[in-house]
A.B. asks: 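Structure incoming, see below.
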Amino acid sequence: MAASSPISACLLVGLILLYNSGLHANGCYTSIISFGDSLADTGNLKHLASISNQVFSVLLPPYGQDFIDQSTGRCSNGRLIIDFIAERLGLPLVPPFLQDNRNNNTVTFIQGVNHAVAGATALDPSFLEPRGIVNPMTNASLGVQLAWFKQSLPSICSSHSNCRDFIARSLILVGEIGGNDYNYPILEGKQIEEVESLVPPIIETIISAVIDLIEMGAKSLVVPGNFPIGCSASYLTVCGSEDEEYDPKTGCLVRLNQFAEYHNKLLQTQLNQVQYLHPDVNIIYADYHNAAMEIYIFPYKYGFTNGALKACCGGEERYNVDLLVECG
């Protein structure tokens, strides 16, 4: 849940919008429907925290300091990838699903609705907790988010056919999701070999959601892969050691990046199978991994004059990480 810079966000959305012919600002999409975690949350965790009287560091400065409304709940200094996508398509910024009931959600959500929750996992707590993995932030897994969407449809569209048309004319973002399923156990000290068993069920959960949405009428879906977690400042701090292999070009942890690539290859394989079965649907794999690697390989090119491995806030260690303030 690192605070991202506007430069990296622009690069990532550029990957999606400039290199995929299915996405262009020609008015073909009337709304954006989003699922995921902190990479897309535009205020859902903030609402959940207000209900439970919890305080999360990601809701405090420096998060949001460069956004018009500094209390949006975005896990960034400013805009997120989903904000750049909305702007590129000429649509309003996507509002969070969880908000004050006094709002007229039928009007609010007709041009987009965001179910992503910071800290969310792909897998349900009922799967993770027996394996010793506890989510300290939320139980709003991908399955919960999908259930929210289904429950909200009658308030957005008046009939089954209207709802199918609404979904068909929407750009649907399924993730990024699954990163936190790995973050929680790895940052708590579990070995990567222990966590590898989570990859197939996570991919199965994502693919199941994609198929469910297609059956509901979805025609355009963007499914992002995982980032090169071996370049994450928090992973470098927690997992780094003299015994680890570091990429000489980037300084990233090789083993962790290979793990992220394993997740991404399995996801792409499964997405290709779904695409084959649904040739009338546009399924776009968003390659967040290689987009981010561009920054780590060529930091100066993207404005990072002191390298791109340090967190933008936090502590005074080598990678400027303080896990207590969720930086890195």
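Note that these values count all heavy atoms, side chains included, but never hydrogens, waters or copies made by symmetry. Here, residue 1 is the first one in the sequence, and each next residue gets the next number. These numbers come from a predicted model, not from an experiment.
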A.B. asks: Would a hydrophobic clustering, with Ile, Leu, Val, Met, Phe, Trp and Tyr connected at side-chain separations under 4.5 Å, put Tyr262 with Ile206?
C.D. replies: yes
A.B. asks: Flag the pair Leu80 / Leu39 as yes when at least one side-chain heavy-atom distance between them is below 4.5 Å, and no otherwise.
C.D. replies: no
A.B. asks: Any non-hydrogen side-chain atom of Tyr63 less than 4.5 Å from a side-chain atom of Asn77?
C.D. replies: no
A.B. asks: Quick one: CD1 on Ile133 to CZ on Phe127, what's the gap to the nearest 0.5 Å?
C.D. replies: 8.0 Å
A.B. asks: Please report the closest heavy-atom contact between Leu123 and Pro201, naming both atoms and the distance.
C.D. replies: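 Nearest heavy atoms, Leu123 then Pro201: CD2-O, 3.6 Å.
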A.B. asks: Could you walk me through whether Ser170 and Tyr29 pass the side-chain hydrogen bond (donor to acceptor under 3.5 Å, both in side chains) check?
C.D. replies: CA-CA 5 Å; Ser170 299; Tyr29 301 116; over 6 Å; no
A.B. asks: Glu194 side chain to Gln191 main-chain N or O, any donor-acceptor pair under 3.5 Å?
C.D. replies: yes
A.B. asks: Answer whether the closest heavy-atom distance between the side chains of Asn282 and Lys219 falls below 4.5 Å.
C.D. replies: no
A.B. asks: Between the side chains of Asn183 and Tyr235, is a donor N or O closer than 3.5 angstrom to an acceptor N or O?
C.D. replies: yes
A.B. asks: Passes side-chain hydrogen bond (donor to acceptor under 3.5 Å, both in side chains), Asn290 versus Asp287? Steps please.
C.D. replies: CA-CA 6 Å; Asn290 284 320; Asp287 192 354; 2.8 Å; yes
A.B. asks: Once side chain to side chain donor-acceptor pair (under 3.5 Å) is applied, what residue pairs with a partner in residues 116-136 remain, sequence neighbours excluded?
C.D. replies: Asp124-Ser141, Asn135-Tyr184
A.B. asks: Donor-acceptor check, side chain of Tyr246 to backbone of Leu253, threshold 3.5 angstrom: yes or no?
C.D. replies: no
A.B. asks: So, Asn226 side chain and Gly179 main chain: donor-acceptor pair closer than 3.5 Å or not?
C.D. replies: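 No; judged by distance alone, with no hydrogens or angles, the pair does not exist.
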A.B. asks: Do Leu98 and Ile51 have side chains that get closer than 4.5 Å, going by heavy atoms?
C.D. replies: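 Contact flag for Leu98/Ile51 side chains = no.
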A.B. asks: For Gln275 and His278, indicate whether the former's side chain and the latter's backbone hold a donor-acceptor pair under 3.5 Å.
C.D. replies: yes
A.B. asks: Looking at side-chain heavy atoms only, is the closest gap between Ile207 and Val274 below 4.5 Å?
C.D. replies: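 Side chain of Ile207 against side chain of Val274, heavy atoms only: contact under 4.5 Å found.
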A.B. asks: Test the Arg74-Phe67 pair against the cation-pi criterion, namely NZ or CZ under 6.0 angstrom from the six-membered ring centroid and within 45° of the ring axis.
C.D. replies: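 Yes, Arg74 sits over the ring of Phe67.
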A.B. asks: Mind checking whether Asn264 and Tyr288 have side chains closer than 4.5 Å, heavy atoms only?
C.D. replies: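 A side-chain contact is absent here, since even the closest heavy-atom pair is not under 4.5 Å.
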A.B. asks: Looking at Glu193, Glu261, Glu196, Glu245, which hits salt bridge (charged side-chain N to carboxylate O under 4.0 Å, His left out) with Arg255?
C.D. replies: Glu193
A.B. asks: For Glu204, is there any backbone N or O sitting under 3.5 Å from a side-chain donor or acceptor partner on Ser208?
C.D. replies: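 Not a single qualifying donor-acceptor pair exists.
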A.B. asks: Is there a donor-acceptor pair under 3.5 Å between the side chain of Thr42 and the backbone N or O of Val94?
C.D. replies: yes
A.B. asks: Using the rule that Ile, Leu, Val, Met, Phe, Trp and Tyr join whenever any side-chain heavy atoms are under 4.5 Å apart, tell me whether Ile202 and Val134 fall into a single cluster.
C.D. replies: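 Per the 4.5 Å side-chain linkage, Ile202 and Val134 are not co-clustered.
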A.B. asks: Just wondering, do Ile172 and Ser220 contact through their side chains at under 4.5 Å, heavy atoms?
C.D. replies: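 Counting from C-beta outward, Ser220 and Ile172 never come under 4.5 Å.
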A.B. asks: Can you list the steps and then say if Asn272 with Tyr285 is a side-chain hydrogen bond (donor to acceptor under 3.5 Å, both in side chains)?
C.D. replies: CA-CA 9 Å; Asn272 288 337; Tyr285 170 75; over 6 Å; no
A.B. asks: Which residues pass the salt bridge (Lys or Arg N to Asp or Glu O under 4.0 Å) test with Glu215, sequence neighbours left out?
C.D. replies: none
A.B. asks: If you apply the rule side-chain contact (heavy atoms from CB on, under 4.5 Å), what do you find for Leu213 with Ile33, and how did you get there?
C.D. replies: CA-CA 11 Å; Leu213 289 162; Ile33 299 168; 5.8 Å; no
A.B. asks: Are the ring centres of Phe259 and Tyr182 closer than 6.0 Å?
C.D. replies: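 Ring centroids of Phe259 and Tyr182 are less than 6.0 Å from each other.
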A.B. asks: What is the distance from atom CG of Leu173 to atom CG of Leu171, rounded to the nearest 0.5 Å?
C.D. replies: 5.0 Å
A.B. asks: Mark yes or no for whether Gln145, through its side chain, and Gly36, through its backbone, hold a donor-acceptor pair below 3.5 Å.
C.D. replies: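 Here the side-chain-to-backbone pair exists.
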A.B. asks: Take atom CD of Glu87 as the centre, draw a 6.0 Å sphere, and report whether it contains more than 12 heavy atoms from other residues, nucleotides or ligands.
C.D. replies: yes
A.B. asks: How far apart are the C-alpha atoms of Ile214 and Ile283, what are their side-chain angles, what is the distance that settles it, and do they pass the side-chain contact (heavy atoms from CB on, under 4.5 Å) test?
C.D. replies: CA-CA 10 Å; Ile214 291 173; Ile283 301 175; 4.2 Å; yes
A.B. asks: Yes or no on salt bridge (Lys or Arg N to Asp or Glu O under 4.0 Å) for Asp66 and Arg79, after CA distance, side-chain angles and deciding distance?
C.D. replies: CA-CA 8 Å; Asp66 298 324; Arg79 289 171 291 177; over 6 Å; no
A.B. asks: Report yes or no: does His115 contribute a side-chain atom to a donor-acceptor pair with the main-chain N or O of Ser34 at less than 3.5 Å?
C.D. replies: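 At least one qualifying donor-acceptor pair exists.
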A.B. asks: If we ignore hydrogens and angles and just use 3.5 Å, is the side chain of Asn180 paired with the main-chain N or O of Ala120 as donor and acceptor?
C.D. replies: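 It does hold such a pair.
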A.B. asks: Flag the pair Leu221 / Ile284 as yes when at least one side-chain heavy-atom distance between them is below 4.5 Å, and no otherwise.
C.D. replies: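 No, their side chains stay 4.5 Å or more apart.
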A.B. asks: Please give me the minimum heavy-atom distance between Ala140 and Val117, naming the atom from each residue.
C.D. replies: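 Nearest heavy atoms, Ala140 then Val117: CB-CG2, 3.7 Å.
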A.B. asks: Quick check on Glu188: does its CD atom have over 12 non-hydrogen neighbours (other residues, nucleotides or ligands) under 6.0 Å away?
C.D. replies: no
A.B. asks: Begin from the C-alpha positions of Phe149 and Ile167 and carry the test side-chain contact (heavy atoms from CB on, under 4.5 Å) through to its verdict.
C.D. replies: CA-CA 11 Å; Phe149 176 58; Ile167 296 170; 3.9 Å; yes
A.B. asks: Go through the steps to decide whether His47 and Phe97 satisfy the test side-chain contact (heavy atoms from CB on, under 4.5 Å), and finish with yes or no.
C.D. replies: CA-CA 9 Å; His47 184 81; Phe97 170 69; over 6 Å; no
A.B. asks: Checking the side chain of Asp41 only, and the main-chain atoms of Cys75 only, is there a donor and an acceptor separated by less than 3.5 Å?
C.D. replies: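 No.
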A.B. asks: Using disulfide (SG to SG under 2.5 Å) as the criterion, list what pairs up with Cys163, not counting sequence neighbours.
C.D. replies: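 Cys163 satisfies disulfide (SG to SG under 2.5 Å) with Cys157 only.
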